[in-house]
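Residue numbers start from 1 in every chain, and the chains themselves are labelled A, B, ... in the order their sequence lines are given, proteins ahead of strands. Computation of the quantities below employed the complete heavy-atom set of this structure, encompassing side-chain atoms and omitting hydrogens, waters and symmetry-equivalent molecules.
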Amino acid sequence: MKHYPLKETTFQAKSEAFSIPYEDVLNTAQYEAVTTLQGPILVIAGAGSGKTRTVTYRVARLIEEGIAPESILLLTFTRKASQEMLRRAATLLDHRCQNVRGGTFHSFANFTLRKYAQESGFESGFNILDRVDSEDVINLLRGWLKLNVKDRRFPRKKTIANIYSKAMNKGVSVEDVVFDDYPNFARDIPDLIRLHEAYGIHKQKHLLMDYDDLLVYLKTLLQANKQVRERLSRVHRYIMVDEYQDTNMIQADIVRLLADTHDNVMVVGDDSQCIYGFRGANFGNIMDFPDIFPGTKLVKLEENYRSTQPILDLTNVIINKAQRKYTKVLFTQKKDGAPPALIMAKDERMQSEFVVQRILELREEGVPLDEIAVLFRSGFHSFDLEIELNRSNIPFIKVGGFKFMETAHIKDVLAHMKVLANPKDSVSWHRILLLLEKIGPKTANEIFRQVLSSAKDVGGLTTVRPKPGYAKSFERLRDMLEDLVQNPFLPVAEIGERVVDYYRPILEKRFDNHPKRSKDLVHLLSIMERYNNVEKFLSDMALEPPNASVGNVMATDYEDEQLVLSTIHSAKGLEWHTVFVIWTLEGRFPSIYATRNADEMEEELRLMYVAASRAKELLYFAYPINIYDRGTAMVLCRPSRFIEGISEDILESWSLTSQEQIDYLEW
DNA sequence: GTCACTGATCACATT
DNA sequence: GATCAGTGAC
């Protein structure tokens with residue numbers, strides 16, 4: 001078929017009447033944001049100011065104006081966020097909203113880079129490295145470059161991965177990151193630079209991309225290739241970016257490049273809620289937006305619909321401690337409510353008991369369990385509480401912390417599927433070969449080398465002559481993979497099934513708790529059922545893994561009413577009737593590591609602000625005292641500096657009293 | 001070369 | 001609790 005290009009029409013005939021009464025259901029600022037469809041627009045949206053609502057209605061409005069859903073691109077922080085917005089938009093209007101392109105920057109990059117593989121200089125069959133994988137690659141290279149055989153200690157792989165990632169995300173050199181954040185490794189800089197170069201080359205050679213590469217290669221593609229840029233820009237005529245305060249420079253550049261031909265960009269964000277600075281997020285992006293997009297219309301959403309006035313009073317006090325002047329003042333119509341409270345517990349156990357007891361009372365009072373959340377700075381802060389909740393039979397789901405996808409047995413199974421998708425994948429080969437008895441790093445490397453040089457992909461295994469010590473297990477692996485190569489059109493779950501069958505004896509030998517892990521594998525297989533394409537499945541597992549942590553993944557399927565335990569980072573954008581923030585203890589929150597640096601301290605403050613502003617009706621801060629910190633050899637016993645010394649009428653202090661004491665006092 | 005020990009060291013947040 | 005370097009037995 002021949003395509004005959006018509007001159008571009010920006011607008012179709014505007015329909016006379018809209019099916020949605022926008023003017024009646026939105027406030028003035030929201031209405032303005034929703035109905036400004038052309039040109040750049042910056043929406044500063046305070047916590048609880050109806051940001052999701054605004055984006056949702058704007059999607060509906062665009063479609064009602066006759067714009068093709070496929071030409072709208074909605075970039076969000078998590079896939080869940082975009083799905084939720086599009087689902088709501090579909091309820092407002094109709095199913096057309098589901099055709100809007102939505103997802104994270106990373107998933108968009110993944111899709112685009114595979115589609116434009118030729119132009120991007122990276123073949124499309126690449127595998128994505130999650131954090132653990134990229135640490136493993138670094139570890140391999142560190143061994144090969146003999147950087148770990150030194151008299152002094154070389155940084156650990158996790159630290160190295162952090163350094164490299166930060167350098168990429170901030171767009172600065174490895175040297176600068178080390179000087180700023182890890183001065184103790186200053187003398188390792190030459191080696192770290194050497195290793196970094198090797199890491200880059202290795203990834204390219206073996207078709208591996210880490211999270212940062214996805215963004216960097218996308219940006220480079222858009223920058224270097226005018227045709228691709230213009231094509232993508234014309235396809236995505238209306239761009240919306242959520243959580244703009246947590247984008248980094250690369251992402252801001254990508255937005256600029258994508259909007260090349262039209263400047264139709266709406267970004268939504270709140271500078272007070274930037275909490276990903278450690279990953280290169282730059283809330284300066286918000287301030288700079290009007291400079292990058294001249295003619296930007298600025299809209300501020302300042303009416304808060306979430307919290308009561310007492311809660312808002314407190315969050316205002318918190319954010320007022322920020323050095324950077326904040327850009328908006330929130331107000332609410334919900335005047336009445338209980339003041340937030342600060343609770344001191346004499347130890348961690350008592351903190352947990354308080355939370356549990358209060359939750360039980362709230363449930364009595366009719367607050368549904370899934371309207372209550374317990375938030376904390378770090379994943380491990382909830383361990384003791386989890387024990388207490390289990391004892392009291394309170395069902396909960398934990399978000400953030402240690403991930404299902406990062407457990408060894410899940411990664412083992414995925415690695416087998418990854419070598420099928422990309423036979424050059426060095427880490428995955430290494431991983432699956434090391435599972436075999438009598439095969440260590442040396443032998444694994446030798447086998448992998450032979451497979452690569454055979455140019456027969458996975459079939460190269462047949463050219464390997466195994467030593468008698470490991471021949472039997474090696475042949476089992478070879479036959480299993482061979483068989484899968486012969487049947488390239490098997491359903492994803494069928495491939496998974498065969499891998500799991502192969503893997504199960506290994507699992508049972510390696511792990512004492514294999515029955516539990518075996519259940520995880522069954523669950524993994526059930527996830528595979530939803531896919532008809534291995535590549536898509538593997539990408540999703542790297543980019544959008546199930547968010548719940550270990551042990552909870554299956555529970556989510558049948559428990560409908562559960563308490564939420566979450567890191568504050570993972571609680572972004574959410575809200576609950578009652579919020580507990582635990583471990584608001586100076587030294588834990590702010591974290592002891594942040595006290596050196598004013599910028600990091602400021603980010604901790606914003607984090608506290610995010611935590612507090614999740615609450616609709618009730619808000620409690622709890623902290624245990626007499627906590628010994630091994631790192632500094634200090635006893636921590638003061639409440640967080642962010643909530644200390646606030647007057648009683650804004651933040652009440654509660655002291656926990658035993659029944660005995662009450663009896664005595666009342667007598 | 002592999003494997004199963006040891007003891008010293010160090011821990012945040014996430015796509 | 002995980003990671004990592006070092007050790008000695010096969």
Interatomic distance, [X] [atom1] vs [N] [atom2] [rounded to whole Å]:
X        : N      : atom1 : atom2 : value
A:Leu585 : B:dC12 : CG    : P     : 17 Å
A:Phe105 : B:dT15 : CZ    : P     : 15 Å
A:Tyr182 : B:dC12 : OH    : P     : 10 Å
A:Phe380 : C:dG1  : CZ    : P     : 12 Å
A:Glu135 : C:dT3  : CD    : P     : 8 Å
A:Phe77  : B:dT14 : CZ    : P     : 10 Å
A:Tyr211 : B:dT14 : OH    : C1'   : 8 Å
A:Trp583 : B:dA13 : CH2   : C1'   : 17 Å

Parallel under 30°, tilted from 30 to 60°, perpendicular over 60°: which one fits the rings of [X] and [Y]?
X        : Y        : value
A:His409 : A:Phe511 : perpendicular
A:Phe448 : A:Trp429 : tilted
A:Phe122 : A:Tyr217 : perpendicular
A:Phe376 : A:His381 : perpendicular

Protein-to-nucleotide contact annotation, 5' to 3' order, nucleotides 1-8 of chain B [B base; S sugar-phosphate only; - none; under 4.0 Å, heavy atom]: SSS-----
Output the pairing pattern of DNA chain B as a dot-bracket string, 5' first, Watson-Crick or G-U wobble with both distances under 3.5 Å, | for cross-strand pairs, [ ] for crossing pairs. ||||||||||.....
I'd like to know whether CE of A:Met405 has more than 12 heavy-atom contacts from other residues, nucleotides or ligands below 6.0 angstrom. yes
[X] side-chain N/O to [N] phosphate OP1/OP2 under 4.0 Å:
X        : N      : answer
A:Arg142 : C:dC4  : yes
A:Ser570 : B:dT14 : yes
A:Ser591 : B:dA13 : no

Determine the contact category for A:Lys157: base if any of its heavy atoms lies under 4.0 Å from a base atom, sugar-phosphate if only primed atoms, P, OP1 or OP2 are that close, otherwise nothing. sugar-phosphate
Across the strands shown, which category fits A:Tyr276 at heavy-atom distances under 4.0 angstrom: base, sugar-phosphate, nothing? sugar-phosphate
Sort out for me which residue in A:Arg510, A:Arg431, A:Arg517 forms a side-chain hydrogen bond (donor to acceptor under 3.5 Å, both in side chains) with A:Asp412. A:Arg431
Do we see a donor-acceptor contact under 3.5 Å between the side chains of A:Asp210 and A:Tyr164? no
Do you see a donor-acceptor pair shorter than 3.5 Å between the side chains of A:Arg449 and A:Asn445? no
For the CD1 atom of A:Ile432 and the NZ atom of A:Lys418, what is their distance to the nearest 0.5 Å? 11.5 Å
Just checking, A:Lys203 and A:Tyr199: is the charged tip under 6.0 Å from the six-membered ring centre and within 45° of the axis? yes
Hey, which of these two, A:Lys158 or A:Ala542, hits DNA chain B nearer its 5' end, going by closest nucleotide? A:Lys158
I want to verify a distance call: between B:dC12, B:dT15, B:dA13, whose nearest atom is closest to the A:Arg279 side chain? B:dT15
